[in-house]
Amino acid sequence: MKVSPSLLSADFSNLAKDIEMINRSEADYLHLDVMDGVFVPNISFGFPVIDSVAKICKKPLDVHLMIVEPQKWVDRLKECGAEIMNVHIEACLHLDRTVNAIHEAGMKAGVTLNPATPVSLLVDIINQLDLVLLMSVNPGFGGQAFIHNTLKKVAELKALRDSSESKAMIEVDGGVNEETGRLLAEAGADILVAGNYVFKSQNPKERINILKAL
Ligand code: DX5
Ligand code: ZN
């Protein structure tokens, strides 16, 4: 299993310490949650923070944009050095154009689905995607309870991917811990995002290893 710890649950008064921990850990990515207070009912951080994180983080950046009109920020996010740009399907009027722009900028394109958004909406874009991010909570906050319907969606997405030419990785975000992580692994997830489970622990590197082993 690949693991992408979410910085949203880190200590914002000492991000360098938590990023150094991530650098020394077995984490595969660092997940960065950008919120605009419009698409989601919360505001997190933006480009100045991502620039600073990128300077010291040795893991590839997996950026999750919970913002309206994400297509406006493709070039700016590329400048930050992001590896993956995740845009919400609910925020994109012209998803094909946005995915093409992300690829033209040289990033991997991820499309994110809210809990109530069906996997079937991806049928005509799945072949162009590097990643699909399924939300297993309503986006906006860390520390929420896992929505179990996500397990069914992971299985549906895996079937859609495997019946097409797609190589899209399946990432899941929200309420991930050892128990829900195991269920997600069985359902076919490739990457687990984890905020509270990793950063609110006394031993975050061990928590990352537990998820890695699933
Ligand atoms: C929620 C964010 C998540 C969040 C997950 O909107 O997209 O990445 O940090 O936090 P946990 O793992 O605590 O549910
Ligand atoms: Zn996220």
Side-chain angles (χ1 to χ4, degrees), residues 1-12 15 18-19 21-22 25 27-46 49-50 53 57 59-68 70 73 77 80 82-91 108-117 130-151 153-154 169-185 189-202 204-208 210-212 214:
M1 180 63 71
K2 290 190 182 344
V3 179
S4 189
S6 168
L7 196 70
L8 192 63
S9 300
D11 177 1
F12 277 59
L15 284 181
D18 282 339
I19 292 164
M21 178 278 292
I22 293 294
S25 78
D28 297 277
Y29 301 95
L30 180 64
H31 185 86
L32 298 178
D33 289 299
V34 178
M35 304 179 189
D36 66 356
V38 179
F39 183 74
V40 287
N42 198 6
I43 296 176
S44 55
F45 51 79
V49 172
I50 302 176
V53 167
C57 185
K59 306 287 180 177
L61 301 182
D62 162 32
V63 181
H64 176 195
L65 296 175
M66 284 161 273
I67 64 174
V68 297
W73 307 105
L77 196 63
C80 295
E83 166 106 352
I84 305 170
M85 176 168 175
N86 286 297
V87 296
H88 268 262
I89 195 168
E90 304 87 1
K108 293 198 168 111
V111 169
T112 310
L113 269 56
N114 276 336
T117 303
D130 301 291
L131 185 148
V132 176
L133 174 57
L134 294 179
M135 291 309 301
S136 41
V137 297
N138 285 298
F141 304 92
Q144 303 181 81
F146 182 79
I147 297 173
H148 279 260
N149 185 55
T150 313
L151 297 170
K153 291 176 74 177
V154 171
M169 291 185 290
I170 301 175
E171 181 174 32
V172 184
D173 184 4
V176 170
N177 54 35
E178 183 177 359
E179 182 191 326
T180 57
R182 182 167 294 118
L183 298 171
L184 288 164
D190 302 304
I191 309 176
L192 298 177
V193 177
N196 274 26
Y197 179 69
V198 168
F199 286 101
K200 303 297 185 205
S201 158
Q202 295 300 318
K205 283 194 279 185
E206 187 180 81
R207 290 275 168 101
I208 292 168
I210 290 171
L211 297 179
K212 287 276 315 163
L214 293 174

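Whatever order the structure lists them in is the order used to number ligands and atoms, beginning at 1. Model, not experiment: these values are computed from the prediction.
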(message) If we only consider heavy atoms of K200, is any one of them less than 4.0 Å away from an atom in ligand 1?
(response) no

(message) Is there a polar contact, in the sense of an N or O pair closer than 3.5 Å, between V193 and ligand 1?
(response) no

(message) Is there a side-chain contact between V49 and V34 in this structure, where contact means two heavy atoms from C-beta onward sitting under 4.5 Å apart?
(response) no

(message) Considering A145, S6, G195, S136 one by one, which has a heavy atom nearer to atom 9 (O) of ligand 1 than any of the others?
(response) S6

(request) Could you pull out the closest heavy-atom pair between P139 and P115, with the gap in Å? (result) CD-CD, 4.3 Å

(message) Suppose I only count heavy atoms of A194 and a 4.0 Å limit; which atoms of ligand 1 are within that range?
(response) 12 (O)

(message) Pairs of nitrogen or oxygen atoms closer than 3.5 Å, one from Y197 and one from ligand 1: do any exist?
(response) no

(request) Taking the side chain as every heavy atom from C-beta outward, state whether S44 and L8 have any pair of such atoms under 4.5 Å apart. (result) yes

(request) Can you sort out which atoms of ligand 1 are near L8, meaning under 4.0 Å from one of its heavy atoms? (result) 9 (O)

(message) Can you tell me how far apart NE2 (H31) and CD1 (I22) are? Round to the nearest 0.5 Å.
(response) 12.5 Å

(request) Give the residue and atom name of whichever protein heavy atom lies nearest to atom 3 (C) of ligand 1, and the separation in Å to one decimal. (result) D173 OD1, 2.9 Å

(request) Could you tell me the residue and atom name of the protein heavy atom closest to atom 2 (C) of ligand 1, and the distance to it rounded to 0.1 Å? (result) D33 OD1, 3.4 Å

(message) Give me the nearest non-hydrogen protein atom to atom 6 (O) of ligand 1 as residue plus atom name, then the distance to 0.1 Å.
(response) G140 N, 2.7 Å

(message) Check this for me: does any side-chain nitrogen of one of K108 and D62 sit under 4.0 Å from a carboxylate oxygen of the other?
(response) no

(request) Taking the side chain as every heavy atom from C-beta outward, state whether L7 and I19 have any atom pair closer than 4.5 Å. (result) yes

(message) Under a 4.0 angstrom heavy-atom cut-off, which atoms of ligand 1 come close to H31?
(response) 8 (O)

(request) Considering non-hydrogen atoms only, spot the tightest contact between A194 and L211 and give its length. (result) CB-CD1, 3.7 Å

(request) Using only N, O or S atoms, tell me which atom of D173 is closest to the Zn ion (ligand 2). (result) OD2

(request) Assign the ring pair H64 / H88 to parallel, tilted or perpendicular, where the plane angle (0 to 90°) is split at 30° and 60°. (result) parallel

(request) Tell me which protein heavy atom sits closest to atom 1 (C) of ligand 1, plus the residue, atom name and distance to 0.1 Å. (result) F141 O, 3.4 Å

(message) Minimum heavy-atom separation for N114 and K153, please, with both atom names.
(response) O-NZ, 3.0 Å

(request) Specify the closest pair of heavy atoms between L30 and C57, including all atoms of both residues, with the distance to one decimal. (result) CD2-SG, 3.8 Å

(message) Can you name the atoms of ligand 1, numbered from 1 with element, that are less than 4.0 Å from a heavy atom of G174?
(response) 14 (O)

(message) Counting non-hydrogen protein atoms only, what is the nearest one to atom 14 (O) of ligand 1? Give residue, atom name and distance.
(response) G175 N, 2.8 Å

(request) Please identify which atoms of ligand 1 are closer than 4.0 Å to at least one heavy atom of P139. (result) 6 (O)

(request) Specify the protein heavy atom at minimum distance from atom 10 (O) of ligand 1: its residue, its atom name, and the distance to 0.1 Å. (result) G142 CA, 3.5 Å

(request) Could you list the atoms of ligand 1 found under 4.0 angstrom from a heavy atom of M66? (result) 6 (O), 7 (O)

(request) Identify, for atom 11 (P) of ligand 1, the protein heavy atom at the shortest distance, and state residue, atom and that distance. (result) G143 N, 3.6 Å

(message) Tell me which N, O or S atom from H64 is the closest to the Zn ion (ligand 2).
(response) ND1

